[in-house]
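One-based numbering, in listed order, for ligands and for the atoms of each. Values below: every heavy atom of this structure, side chains too, minus hydrogens, waters and symmetry copies. Just so it is clear, the model here is predicted, and its values are computed rather than measured.
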Amino acid sequence: MADDYISTLEEVAQWRDELEAESKKLVLTNGCFDLLHAGHVRYLKEARSLGDALVVAINSDQSVAELKGPNRPVYPEGDRAEILCALECVDRVVVFGEKRATHTIETIRPHIYTKGGDYTPDNLIDEEKALLDRLGIEIQILSLVPGRSTSATLAKSSPASSVPRIGILGSGTGTNSRAIIEAVQAGDFEAEIGIVISDVKDSGVLEFAKEAGVPSIFVEPGTEKAGRLSDAACKEITDKLKSARVDLIALCGFMRIVRDPILSTFEGKVINIHPSLLPQFPGRNACQQAIDAGATETGCTIHWVDSGIDTGEIIRQAKVPVLPGDTAEQLQQRINEAEIRLYPEVVGELLKKTIS
Ligand code: GAR
């Protein structure tokens, strides 16, 4: 039955050539489309109006789960194809299993490729942008319909849960993220881990999240210089945190600057832990900075995240002595012991007091 509504890439590629022979233009767009709403319908109508035929490439069920989390897709791919095909503006539907639509675009070679809303020609995935440019495919970014989104629809339809949800971002060993996850799982305070995100594929952060059975994903940080995230990565992180409906985001050794749209979307909800008594020794190598400065005391700080580097309002600190002859590694180890005691405690308190 589903096959009645799903075309193969080869069928569509052949159809594209037939359309071209008649001087007609094929428009391609892609997405999950797992809970169709009016915003989608208006978007698809607009996409169709740009050419003479519209092909919608939908992510396979497995790739939707990878992109949006284990509770998605709402509808399986066969149903999604059937629903989309029922729209007058949609001519064909194909399914793709990869994370990116590059193979689909390359095979179909549409005349026009459209993307929705918060994309700009600059934050399209680099790989897709390079391909579109190489094949001379016109890119059209269509504005999204305000107030219509799958996450908003799902949030309205699911009974409001009173259990607050935590998002964790980390890059390294993951002792802090582990301490928070273990505190949640031990029931030290009422919370759920919404999602764990890392910019490092083989990080301890992701490894422990998997072991603990909490949702986790790797986000490709892009090719920006060290410490920066590409626009596409910032958007992907924002989307993942939104889908996970998190109330508080704890940075646990996340070694990239967190900026908009993450900060503007989660204003007043992002906290960080830093291995010094801020405002002393911000940025990288805080322990070495403390030793070089001849400090006899340092520690760790939990603070709200603003657009500066370790500049946000301080929430709590713990002091740790610098011992004679300390190496940066020895000092880091001692600070870390203080961090993993303090961070879960502060997260629990904030969830109780601050998050409404
Ligand atoms: C922690 O010491 C944390 O304070 C530091 O990275 C370490 C991560 O350890 N963060 C920063 O330096 C941020 N500026 P972990 O991966 O074991 O949690």
Side-chain angles (χ1 to χ4, degrees), residues 166-185 193 195-212 214 216-219 221 225-229 237 248-259 262-263 270-293 295 297-322 326-348 350:
I166 305 167
I168 292 177
L169 267 62
S171 310
T173 318
T175 54
N176 283 286
S177 56
R178 179 180 190 134
I180 295 171
I181 295 168
E182 284 180 343
V184 168
Q185 295 189 332
I193 302 294
I195 191 151
V196 175
I197 299 176
S198 182
D199 59 323
V200 179
K201 216 175 222 165
D202 58 356
S203 61
V205 176
L206 288 182
E207 202 175 305
F208 181 72
K210 281 194 196 96
E211 215 175 281
V214 299
S216 63
I217 49 147
F218 160 70
V219 169
K225 59 180 191 238
R228 304 266 313 160
L229 287 167
I237 291 172
L248 181 72
I249 297 160
L251 307 185
C252 296
F254 188 62
M255 302 313 270
R256 305 218 178 229
I257 299 167
V258 172
R259 59 184 174 90
I262 307 171
L263 285 184
V270 187
I271 60 173
N272 180 40
I273 189 156
H274 181 78
S276 78
L277 297 175
L278 288 172
Q280 285 187 305
F281 317 129
R284 288 181 181 258
N285 307 319
C287 294
Q288 191 59 53
Q289 289 186 53
I291 292 169
D292 293 346
E297 189 175 65
T298 181
C300 58
T301 303
I302 296 168
H303 63 94
W304 294 106
V305 174
D306 61 15
S307 55
I309 296 178
D310 303 325
T311 50
E313 189 190 336
I314 292 171
I315 303 168
R316 190 91 77 79
Q317 296 185 310
K319 293 177 179 170
V320 173
V322 182
D326 255 350
T327 62
E329 291 70 33
Q330 287 164 335
L331 184 56
Q332 171 70 42
Q333 175 61 33
R334 229 172 311 112
I335 292 176
N336 188 238
E337 286 162 20
E339 288 183 329
I340 60 178
R341 277 194 303 273
L342 192 67
Y343 214 179
E345 202 181 297
V346 170
V347 167
L350 288 175

Who gets closest to atom 13 (C) of ligand 1 by heavy atom: Ile273, Ile335, Ile309?
Ile273
Would the distance check show the side chain of Gln185 and the main-chain N or O of Ala212 forming a donor-acceptor pair, the cut-off being under 3.5 Å?
yes
Atom CD1 of Ile168 and atom CG of Leu248: how far apart are they, to the nearest 0.5 Å?
9.5 Å
Residue pair Glu339 / Asn336, side-chain donor-acceptor N/O under 3.5 Å:
yes
Shortest protein heavy-atom distance from atom 14 (N) of ligand 1, along with the residue and atom involved:
His274 ND1, 3.1 Å
Taking only heavy atoms of Gly253, which atoms of ligand 1 are found under 4.0 Å from at least one of them?
6 (O), 8 (C), 10 (N)
Going from CD on Gln289 to CG on Asp292, what distance comes out if it is rounded to the nearest 0.5 angstrom?
8.0 Å
Give the residue and atom name of whichever protein heavy atom lies nearest to atom 9 (O) of ligand 1, and the separation in Å to one decimal.
Asn176 ND2, 3.8 Å
Decide whether an N or O pair under 3.5 Å exists between Gly174 and ligand 1.
yes
Are any of the N/O atoms in Ser177 less than 3.5 Å from those in ligand 1?
no
Give the residue, atom name and distance (to 0.1 Å) of the protein heavy atom nearest atom 17 (O) of ligand 1.
Thr175 OG1, 2.5 Å
I want to confirm something. Looking only at heavy atoms, which of Ser171, Ala286, Pro275 is nearest to atom 12 (O) of ligand 1?
Pro275
Students should be able to answer this: which protein heavy-atom is nearest to atom 4 (O) of ligand 1, and at what distance?
Glu339 OE2, 2.4 Å
Rounded to the nearest 0.5 Å, what separates atom CG in Asp326 from atom CD in Gln288?
10.5 Å
Between atom OG1 of Thr301 and atom CG of Asn272, what is the distance when rounded to the nearest 0.5 Å?
9.5 Å
Which segment of Arg178 sits under 4.0 Å of ligand 1 when only heavy atoms are counted
neither
Contact (N/O only, under 3.5 Å) between Asn272 and ligand 1:
no
Sidechain-backbone polar pair: Ser198 side chain, Val205 backbone, donor-acceptor under 3.5 Å
no
Any donor-acceptor N/O pair, Thr173 side chain to Thr175 backbone, under 3.5 Å:
no
Heteroatom proximity flag, Asn336 to ligand 1, N/O under 3.5 Å
no
Report, in ascending order of atom number, the atoms of ligand 1 lying under 4.0 Å from any heavy atom of Gln332.
1 (C), 2 (O)
Between Arg178 and Glu182, does any NZ, NE, NH1 or NH2 come within less than 4.0 Å of an OD or OE carboxylate oxygen?
yes
